[in-house]
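The block underneath contains the structure these notes are about, expressed in structure tokens.
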Amino acid sequence: MSNGAMMTLSRREMLRWGAVGASVAVASSAAGAALPSLVFNPPQPPVGPLAPAPSMMPAPPQIPGVNPALLQRAKAALDAHRIAARDFIGIADFSRPSNDERFHVVDLRNGQVESFRVAHGSGSDPHHNGYCERFSNDFGSYATSNGTYTTGEYYHGKYGLSLKTRGLDWTNNNAEPRAIVIHNAWYAEPEMIAQHGKLGRSQGCFAFSRADQYKVMSKLAGGRMIFADRLA
């Protein structure tokens, strides 16, 4: 039995015996003339070691291929924003370069994950080195914004069928007026990796290959969450 469990049992025993002692004391007072010598001495509860300090946090959840600290942040955002759709979430790990499969679609029901390559904004990678170096929520920045998104409506645009997003945090709340969407792009096709070792850059949108875009949209449409960030 763990230290925490032993301490939990100790407290439960104390509450149970305290309740019993209180009820007996009431009964003894009511019938004091009839039973003047009644004395109840409950046994001492077992003493266990101290519980862990409250500041000790549980270990981050584990899903293969997804940074556990980033996954923990995403789950916290899911709860904080009270997002109703809780089967699939998207996690964009912009700590990793664009030639990595860094956009994860996580099935929270069973822990399964599918990972895809996604482009970031040119304003986030001014030297085009394949890394998202900075975020911005500003108009005209052409940068990727970090934070919590939900998916919106489908529409047909420059890249064909696309999916709108809404930013829920102060770091990305201009996403909809900035037209930050999910779309496919020629510069996000696998051939770019073979030719240049990295994907091209968007204007801040989540740009995928055509095949991957449809896989992502099929799981994340309908108000599901996307959490985009990078770890230091």
Side-chain angles (χ1 to χ4, degrees), residues 60-121 124 131-132 135 137 143-155 157 159-169 171-176 178-185 188 190 199 201-231:
Q62 298 287 331
I63 290 183
V66 183
N67 185 297
L70 196 59
L71 177 62
Q72 191 173 41
R73 290 188 192 180
K75 287 188 173 182
L78 188 69
D79 292 334
H81 291 287
R82 300 180 180 180
I83 296 171
R86 304 177 73 89
D87 48 359
F88 293 98
I89 61 172
I91 299 177
D93 184 356
F94 286 116
S95 307
R96 298 167 62 178
S98 64
N99 60 1
D100 279 359
E101 295 179 338
R102 58 182 179 172
F103 189 97
H104 311 291
V105 176
V106 180
D107 188 336
L108 294 177
R109 300 166 299 181
N110 55 27
Q112 293 184 354
V113 59
E114 293 181 88
S115 299
F116 308 93
R117 293 187 180 96
V118 64
H120 52 251
S124 293
Y131 285 88
C132 181
F135 296 112
N137 192 34
T144 294
S145 298
N146 60 324
T148 310
Y149 298 77
T150 54
T151 55
E153 299 78 27
Y154 284 110
Y155 75 102
Y159 296 99
L161 185 66
S162 304
L163 185 62
K164 295 180 180 180
T165 69
R166 299 185 182 97
L168 304 184
D169 296 321
T171 55
N172 68 345
N173 57 11
N174 289 327
E176 192 166 17
R178 286 181 63 205
I180 303 303
V181 303
I182 294 174
H183 65 74
N184 70 78
L199 298 183
R201 299 167 296 172
S202 70
Q203 294 185 345
C205 293
F206 298 98
F208 297 88
S209 70
R210 181 176 294 274
D212 288 349
Q213 176 210 6
Y214 288 109
K215 293 176 184 177
V216 170
M217 292 195 309
S218 69
K219 297 288 179 65
L220 297 182
R224 289 171 174 82
M225 186 189 82
I226 297 172
F227 185 76
D229 210 347
R230 58 172 294 161
L231 302 176

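- Separation of atoms CG (L163) and OH (Y154) is listed at 5.5 Å; rounding is to 0.5 Å.
- Of all heavy-atom pairs between G204 and S202, the closest is N-OG, 3.0 Å.
- From L220, atom CG reaches atom CE of M225 across 9.5 Å, with rounding to the nearest 0.5 Å.
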Evaluate the criterion side chain to side chain contact (heavy atoms under 4.5 Å, CB included) for residue pair N172 and T165; output intermediate values, then yes/no.
CA-CA 10 Å; N172 68 345; T165 69; over 6 Å; no
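- Here the straight-line distance linking atom CD1 of I226 with atom OG1 of T150 works out to 8.5 Å at 0.5 Å rounding.
- H104 meets the ring-ring contact (aromatic ring centres under 6.0 Å, His included) test with no other residue; sequence neighbours excluded.
- Across all their heavy atoms, R224 and A85 have their closest contact at CG-CB, 3.5 Å.
- Qualifying side chain to side chain donor-acceptor pair (under 3.5 Å) partners for S145, counting only residues two or more places apart in sequence or in other chains: R178.
- Under the salt bridge (charged side-chain N to carboxylate O under 4.0 Å, His left out) criterion, R82 pairs with no residue, sequence neighbours left out.
- Between atom CG of residue N184 and atom SG of residue C205 there is a gap of 11.5 Å, rounded to the nearest 0.5 Å.
- Evaluated for a side-chain contact (heavy atoms from CB on, under 4.5 Å) with F94, the options L231, V118, N146 yield exactly one hit, V118.
- For Y159, the ring-ring contact (aromatic ring centres under 6.0 Å, His included) partners at least two apart in sequence or on another chain are H183.
- Here SG of C132 is found 11.5 Å from CZ of R201. Values are rounded to the nearest 0.5 Å.
- Panel note: side chain Q213, backbone L161; a donor-acceptor pair is recorded below 3.5 Å.
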Under the side chain to side chain contact (heavy atoms under 4.5 Å, CB included) criterion, do R73 and I91 qualify, and how do the steps go?
CA-CA 10 Å; R73 290 188 192 180; I91 299 177; over 6 Å; no
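- Remark: side-chain polar atoms of R117 are not paired, donor with acceptor, to backbone N or O of L199 under 3.5 angstrom.
- Screening N173, D169, T171 for a side chain to side chain donor-acceptor pair (under 3.5 Å) with N137, the sole residue that qualifies is N173.
- Among residues two or more places apart in sequence or in another chain, the ring-ring contact (aromatic ring centres under 6.0 Å, His included) test is passed with F103 by F208.
- No donor-acceptor distance shorter than 3.5 angstrom exists from the side chain of R96 to the backbone of R102, with no hydrogens or angles considered.
- Expressed to the nearest 0.5 Å, how far CG of N67 lies from CG of D93 amounts to 6.0 Å.
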F227 and L78: CA distance, side-chain angles, deciding distance, side chain to side chain contact (heavy atoms under 4.5 Å, CB included) verdict
CA-CA 9 Å; F227 185 76; L78 188 69; over 6 Å; no
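- Looking at S124, its side chain never comes within 3.5 Å of a backbone N or O of F135 through a donor-acceptor pair.
- For the pair L168 and I83, the minimum side-chain heavy-atom distance is below 4.5 Å.
- Residues passing the salt bridge (charged side-chain N to carboxylate O under 4.0 Å, His left out) test with K219, sequence neighbours excluded: E114.
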